[in-house]
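The structure appears below as structure tokens.
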Amino acid sequence: MKNYLKPFLEAAVRAIGVEDVPEIALEIPRQAEHGDLSANVAMTLAKTLKKNPRQVAQDIVAALRLDATLVPKVEIAGAGFINVTFSPMFYAVQVAELLKQGQNIGRLEIGKGVKANVEYVSANPTGLLHVGHGRNAAIGDTIANILVWNGYDVTREYYFNNAGNQMNNLGKSVHKRYLELLNPSANPFPTAEEDDSLYRGEYIREIAAALQKQHGEALAEPTEKTLTLCRKTAEQWCFETIGKTMERMNIRHDEFFNEDSLYTDGKVKATVEDLRSRGVVYEKDGATWLALSKMGLTDDRVIIKSSGEPTYRLPDIAYHYDKLHNRKFDLVVDIFGADHIATIPDVMAAVATLGEDKSKVRVVIHQFVTLTKDGEAVKMSKRTGRAYTLDDLIEELGADVTRFFFVMRGVSTHLDFDLGLAEEQSEKNPVFYLQYAHARICSILRTAEERGVKVDAAADTALLVHSAEIELIKTLLRFPEVVAKAGETLEPQTIAEYLREAAAAFHKFYHECRILGEAEALMQARFALARTAQIVMKNGLTILGITAPEQM
RNA sequence: GCACCCGUAGCUCAACUGGAUAGAGCAUCUGACUACGAAUCAGAAGGCUAGGGGUUCGAAUCCCUUCGGGUGCACCA
């Protein structure tokens, strides 16, 4: 719709003597009386032209060369809006075009040839995924899908760290639980007060039990060898478990990037030297500092501790540099929880100092998740070891509902995950509203087949003139625009919101217009419309990583 | 104390990124199954967009400020 009108307006603006034609913003007015599309160019141009906006609008409209059978009405309203109304014929043509694309409605080529990397989840293999990881996973995977539909060449990446102290603590935790199994009365597992570095989740016991089963009492001595075995076993267990959880959410990463490789490849070292040669690294108090104050930020930060260990900032910088410079990604998307917010400016500044274009990096920050049920908060604390895990959530709700609830709100809002509503297997649950629309269309087509009614591909869409039909067409035509928009803003929630509207438009159409039993030509036209809606619903749900059931 | 996010209907959130009379779902109240699935549809009611200033043709949206909620501010990741 917008794409159809834009060139005409641009031509008209040029025709009235404006050389530098601005980006023409078109929007769908809230009020139906304001037409189907509204342009505000006249108002934005008024200032530079030093003319009354209404006068500018009149000039533009006078210069417009539109096909009156497709665009019967162009009005000037308010302060200088140009309101355009399309004819049913226009919609008939457009929907026929859409239908020609078959299953590919919404597949765009905006990002063709652009290498994109989306990094998400990225939990270290020290435990189970919790609810917060779930939001990260759902957002990240949906954004990856959105980019794929926009035509980008997408790599889904998981960044993890299986080195360092956290892993030793993990191994130690498993070993202590193992000793506990051998001799419970000795109480070998310290309390949280005695040692807060240990992992206390139930899963540690599981791993310990598996070790006991396999090795009996052979690992009782805490030698380096046994601790390494504990650590390795635990790491592998965690990774497998995380992988299973991801699989349940219909998520598969292409690349698992090990932080450790940045050290073994010498990339961390090279990054430090590179930064040093640019004069932004110095030594103080035995540590190595990054002079962020020279990059427009306020505080300098340590990148290598006096102990010789790097802080997390350093590998982060090396990692981003690697993605941009060595792996040559044109677009790097990071999905982070709100707790990472502080490090981003540092990493960006450093990457820019290293000569990379930091505008290629897009950071999506999502706020935290609170679980509520019947108005009360549900605990998901990690400390107690009895966290409400992502697996629990999927177990209880299924993958579709879980994913939908994570992306149906804007990423920057604190997500209130209403377990009561999510559990509801009824009309209250917004997921089913979308899925039902799809299932309903499938059902109509099934019924047609049962009754021996043929669905003809060559329908005359010009017969679709009912207001509910036009509304549905308008909504369906927006789908590619919505996908494109989501690709720019990286906001998954816009897809969810759109699908709700599309489902509503279909349900309304269904109630007001019969399909089966109508005169042949009209029936075929409505079949065509229903099938278009079916494809849009299916593709939209696919982007969200949710199934489009044929019956429910 | 400093930085970032948020504050919109009773509740959970939208608002096409500065547009015209701020919209949905849930909850409340009315209606609609003898034809394709009522997990649906139609309607009612619900608002000084936290408060106060500003910017302009025009502000929920941008700027300043106050108040509330969240998160982060280590030689932890």
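Throughout, protein chains are lettered first and strands after them, A, B, ... in sequence-line order, and every chain is numbered starting at 1.
By the ring pair (Phe, Tyr, Trp, His ring centres under 6.0 Å) test, A:Phe417 pairs with A:Phe405, A:Phe406, sequence neighbours left out. Shown here are the ring pair (Phe, Tyr, Trp, His ring centres under 6.0 Å) partners of A:Phe81, two or more places apart in sequence or in another chain: there are none.
Residue A:Arg526 contributes atom CZ, which lies 12 Å from atom C1' of B:C36 at whole-angstrom precision. Between the C1' atom of B:C13 and the CD1 atom of A:Ile495 lies a distance of 18 Å, rounded to the nearest Å. If you take CD of A:Glu501 and C1' of B:G25, they are 13 Å apart, rounded to a whole angstrom.
Taking atom P in both B:U28 and B:U66, one finds a spacing of 42 Å when rounded to whole Å. B:C11 and B:G47: their C1' atoms are spaced 15 Å apart (whole Å). Between the P atoms of B:C33 and B:A20, the separation comes to 39 Å (whole Å). Rounded to whole Å, the separation between the P atoms of B:U65 and B:A27 comes to 42 Å. Taking the C1' atom of each, B:C4 and B:G58 are spaced 30 Å apart, rounded to whole Å.
Evaluation of the ring-ring contact (aromatic ring centres under 6.0 Å, His included) test over residues 32-61 of chain A, restricted to residues two or more places apart or in two chains, returns none.
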All N/O contacts under 3.5 Å from nucleotides 16-18 of chain B to the protein, with atom names and distances to one decimal?
from	atom 1	to	atom 2	distance (Å)
B:C16	N4	A:Ile28	O	2.4
B:U17	O4	A:Glu491	OE1	2.8
B:U17	O4	A:Glu491	OE2	3.1

Just the atom pairs and distances: protein N or O near nucleotides 47-50 of chain B's N or O, under 3.5 Å.
none

With sugar-phosphate taken as primed atoms, P, OP1 and OP2 and all else as base, the protein-contact string of nucleotides 1-12 of chain B at under 4.0 Å (heavy atoms; B, S, -) is ---SBS-----B
For the pair A:Arg531 and A:Val455, evaluate side-chain contact (heavy atoms from CB on, under 4.5 Å) and give the outcome as yes or no after the intermediate values.
CA-CA 10 Å; A:Arg531 281 172 54 227; A:Val455 177; 3.9 Å; yes
